[in-house]
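Structure, as structure tokens:
Positions are given from 1 along the sequence. Only a predicted model underlies this, so the values are computations on that prediction, with no experimental measurement involved.
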Amino acid sequence: MDAFTAGLLQRIRTTESDLTRARETGDDFLAEVEQAELDDLHRLAAEHGVQIGARVCG
């Protein structure tokens, strides 16, 4: 795995965790921000054919 893929996957995991925490604490604004970031990261992964979990983006 190259550095780009590893970094992207780490950012996705971190953002997913941050999103969960925002939802659990009821911070709707932060949850929206984190969801937008996650959507962008998934789009980036799809554009570069990076597999996320059991699925392939792209």
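Each of Glu37, His42, Gln35 was evaluated against Thr15; a single residue qualifies, Glu37, per the side chain to side chain contact (heavy atoms under 4.5 Å, CB included) test.
Alongside Val33, the hydrophobic cluster contains Phe29 (criterion: ILVMFWY side chains under 4.5 Å).
Leu38 and Leu30 fall into different hydrophobic clusters, where Ile, Leu, Val, Met, Phe, Trp and Tyr are joined by side-chain heavy atoms under 4.5 Å apart, directly or via other members.
Between Thr14 and Gln10, the side chains place a donor N or O and an acceptor N or O closer than 3.5 Å (distance only, hydrogens not considered).
Pairing each heavy atom of Leu19 with each of Ala31, the nearest pair is CD1-O, 3.3 Å. Between Ala45 and Ile52, the closest heavy-atom pair is CB-CD1, 3.6 Å.
The main-chain N or O of Arg13 is never found under 3.5 Å from a side-chain atom of Ser17 such that the two would form a donor-acceptor pair.
Distance check, rounded to the nearest 0.5 Å: CZ of Arg11 to CD of Glu16 gives 13.0 Å.
The residues Arg21 and Glu34 are annotated as not salt-bridged, no charged nitrogen and carboxylate oxygen being separated by less than 4.0 angstrom.
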